[in-house]
Amino acid sequence: MLFYPPGRFYQRGEDRSQGNVENSTATTMRAPNDLGYAAATLKAHGFEVFLRDYQTSLRSLEDLLADFERFAPDAVFVSITNATIFRDLSLVATLKERRPDLMVMLKGAIFFNPEEGLLDQLDLSRTDYLIGLESDFIVGKLVQAHFFAPEGIPAIRGILYKSGGAWKRTFFDSWETDLDSLPFPDRALMENHLYVRPDTGEPQATIATSRGCPSRCIFCVTPTISGVKLRLRSPENILAEMRECYHVHGIRDFFFKSDTFTIDQKWTLKVCQAILDSDLAGKVRWVANSKVKPLSLETLQAMKRAGCWLVAFGYESGHAETLARTKKGTTLEENVQAARWAKEAGLLTFGFFLVGMPWETREHLEATRRHIFELDPDFLELHIAVPYPGTELHAEAVACGLIEESVLGKDYFNAPTVGTVALSMPEIEKFRRDTLLGFHLRPSYIWRKLLQAGSDRRILANYFRFGLRLLKNTLGGAPKKARKASRVLVLGANSDIGLAIAREFASREGADLILASRDTQALEAKAAEIRRQYGVEVDVAVFDATDTASHASFYQSLPHKPDGAVLAFGLLEDADPLRVLDVNLMGAASILETVARDFEERREGFIIGLSSVAGERGRKSNYAYGAAKAGLTTYLSGLRHRLFASNVPVLTVTPGYVRSKMTAHLDLPGFLTASPERAAKDVHAAWRAGKDSVYTLAVWRPIMWIIRNLPEFLFKRTNL
């Protein structure tokens, strides 16, 4: 079973960058070629294969577990990233518990001859093999050896395996040179429609055209994991894969994956000529990466004739010192020349820039800003430098004291450094936001995009969609970090809706849980059921909303710090209206203040608070409850405002009638009443979408608008 786990969109198949797609400006998911290559190789060795990309297909953990039980694999192959490693390992533990004899292989750049200290940060107790070299050449041999000839495992290059309870590494000092010997990725197993060209939305296949890079940029892992010697596929082999995509799978758009497609320009011209001499001439379109040096106008013109429509340049910086110290091997003048040549050849350009190098000051950043506007690419991405293990940048960041925590779990929109020697991370993040907004919101840029789209509604729609994503990720605040739910605290977990929300996060996010309530005896049975059903960790904790003096010690005594908190407790009726206020408002505010201080300090986490439509206007039937919920709604609004700068979202949930133990004695109208499970799905969907508030059911929004705006002289005569 080969898969990408469910969750946020990362380019798991591209070990060099492991890109965070959702926080980028104009990137879409690319096909899981690493899984496709592994599938083709394993099938050639006689193994039955199941392949699925759960993240891009928006399938949940529940879907994965159902497939796992149905397919009943003997082995799994998981493609991990630096940013997702902890959650990936948690999922592996769940699968291993269900099938103790399961063979587990993890593939990723961080496993290339890793330092001992790196492995010590990870719980690899349920993992059998770590693949650091090119997995497509390894996985078939490894599975074959594991099941039929285990004595041959030490001879397989580029892996770590367990022996005597310790990790043993094989050889990481050479790479396969015959790239043409690989079978093509098995695209019959892929959902090819999920991987699209960003502007038109048509299916786009990824074709790996070369490997290795002779450049030695200090921030890039390629020289380490792929070597500095350029290894090229033959033009004939590349063309054969394109023809299979076109004739068998109906794909005519391609991303040529290489560290730099133009570094051997004689070979580049041969690839272009092979396309022009084939039956695909004039029928296919493609994009490629390029350095600005070596490069020529002739090469770019040949690429254009062969169907290339966009070239991506790693300009990196607008300051000469940064280009020199990163060992980029290029100059500002060569950046300008490459941009001019691409425009002359009729190609669009995608410019990539990098800020946050240890030595950079405000002067460096401003030089990069000016250079961005000077080059004026058609698409732009501005990354924050991530010092990946094994790079020179990592060593320099450590030497400068810029890494306060592990680089694991981070990406280039959620950097692990505190900033540079001269600049704080908030300053760098603000520079990135301001530059992206300033660049994309220029009238001249918007007009250019409209002209490029012409009358093609698909392109116009996709430009609009990417524009909205840009605004969402950058406008007016800190950059949006990956929405994470590794461990969720549910306060009031004995409530029907609280338990349903807990199940939703366990099912869809694979989140471990801390269930808190006064009655822990009842919770233990529910916790055991969730553990069995979803394979997640579930802790139970005693919590009393009215004992506000204990809230700080309760939170400090939790077995694990959560990265999300759901406030789901409430008291609907009581003989003493003050007790209703005490539970629903004072108790809620007290515990949320404690949680908020922790999340604010850590600059991560999320809060979900359940209020009520009763809080939108006081009614005689439940005015104490309504007053408490009105106060809670206002409190959550203020908390959301306070925590925004700390990247801690606060979601206000406004349920209408919910069928539960608390409302069992009421005669509720069916069309206005949600089940706890339906309410939980609404809550999770709103959290996933990054909303500030949500009504459940949605029909309550117009109803409450009418009730809020009904004149008082009429409202007081109603019988609500």
Side-chain angles (χ1 to χ4, degrees), residues 11 13-19 27 30 33 109 134 175 177 179 206-235 237-238 254-272 274-275 286-304 306-317 322-324 326-342 345 347-354 375 377-381 383 388 391-393:
Q11 303 285 21
E14 300 187 12
D15 291 320
R16 180 180 70 167
S17 60
Q18 308 163 36
T27 305
R30 289 196 272 271
N33 276 23
E134 293 160 333
W175 290 263
T177 57
L179 302 185
T206 297
I207 293 187
T209 59
S210 67
R211 302 186 186 185
C213 182
S215 300
R216 297 181 180 271
C217 305
I218 69 169
F219 52 82
C220 185
V221 299
T222 294
T224 301
I225 65 174
S226 294
V228 296
K229 183 178 179 180
L230 185 64
R231 294 169 289 142
L232 302 168
R233 288 175 64 183
S234 69
N237 189 246
I238 294 170
F254 301 93
F255 168 65
F256 284 174
K257 178 188 171 188
S258 60
D259 295 295
T260 173
F261 182 72
T262 59
I263 200 163
D264 183 333
Q265 293 184 82
K266 291 183 179 179
W267 170 84
T268 305
L269 293 173
K270 289 179 180 178
V271 172
C272 293
I275 296 172
W286 48 277
V287 301
N289 295 327
S290 174
K291 283 190 69 172
V292 301
K293 172 188 175 183
L295 190 66
S296 70
L297 176 59
E298 176 192 9
T299 299
L300 293 172
Q301 290 172 332
M303 291 166 61
K304 173 67 175 178
C308 182
W309 65 276
L310 179 144
V311 60
F313 290 119
Y315 297 119
E316 312 306 356
S317 177
T322 293
L323 288 179
T326 57
K327 301 181 181 179
K328 185 69 179 176
T330 57
T331 66
L332 300 176
E333 293 73 22
E334 287 162 343
N335 283 350
V336 173
Q337 178 177 264
R340 187 176 66 249
W341 280 345
L347 294 169
L348 301 185
T349 59
F350 200 143
F352 287 87
F353 294 83
L354 193 65
L375 297 172
D378 296 283
F379 303 94
L380 168 67
E381 188 54 83
H383 292 156
Y388 289 114
T391 63
E392 290 185 47
L393 177 60

(request) Would you mind listing every side chain to side chain donor-acceptor pair (under 3.5 Å) that reaches into residues 212-226, with sequence neighbours excluded? (result)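 Checked against side chain to side chain donor-acceptor pair (under 3.5 Å) - neighbours excluded - the pairs reaching residues 212-226 are S215-K291, T222-D259.
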Nearest-0.5 Å distance that lies between atom [atom1] in [X] and atom [atom2] in [Y]:
X	Y	atom1	atom2	value
S210	I238	OG	CD1	7.5 Å
L354	S317	CG	OG	8.5 Å
I275	F254	CD1	CZ	8.5 Å
K328	F219	NZ	CZ	4.5 Å
T268	L232	OG1	CG	8.0 Å
T299	Q265	OG1	CD	3.5 Å

(message) Between E381 and T27, do the side chains contain a donor N or O and an acceptor N or O under 3.5 Å apart?
(response) no
(request) Side-chain contact test, heavy atoms from C-beta onward, threshold under 4.5 Å: evaluate it for I225 versus Y388 and give yes or no. (result)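 A side-chain contact under 4.5 Å is absent here.
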(message) Could you tell me if the side chain of P223 sits less than 4.5 Å from the side chain of V228, heavy atoms only?
(response) yes
(request) Would you confirm whether W175, through its side chain, and K229, through its main-chain N or O, come within 3.5 Å as a donor-acceptor pair? (result)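 Checked: no pair found.
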(message) Between W341 and F313, is the ring centroid distance below 6.0 Å?
(response) no
Return the set of residues passing side-chain contact (heavy atoms from CB on, under 4.5 Å) with [X] (not counting sequence neighbours), or none when no residue passes.
X	result
K304	L347
N237	D180, F184, R233, S234
P235	W267, K270, V271, A274

(request) Please identify each residue that fulfils side chain to side chain donor-acceptor pair (under 3.5 Å) with T262, with sequence neighbours left out. (result) S290
(message) Taking salt bridge (charged side-chain N to carboxylate O under 4.0 Å, His left out) as the cut-off, I'd like each qualifying pair that reaches into residues 292-301, sequence neighbours left out, listed once.
(response)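 Sorted result for residues 292-301: K293-E334.
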(request) Can you spot which of D378, L380, L310 makes a side chain to side chain contact (heavy atoms under 4.5 Å, CB included) with T349? (result)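 Testing T349 for a side chain to side chain contact (heavy atoms under 4.5 Å, CB included) against D378, L380, L310 leaves exactly one candidate, D378.
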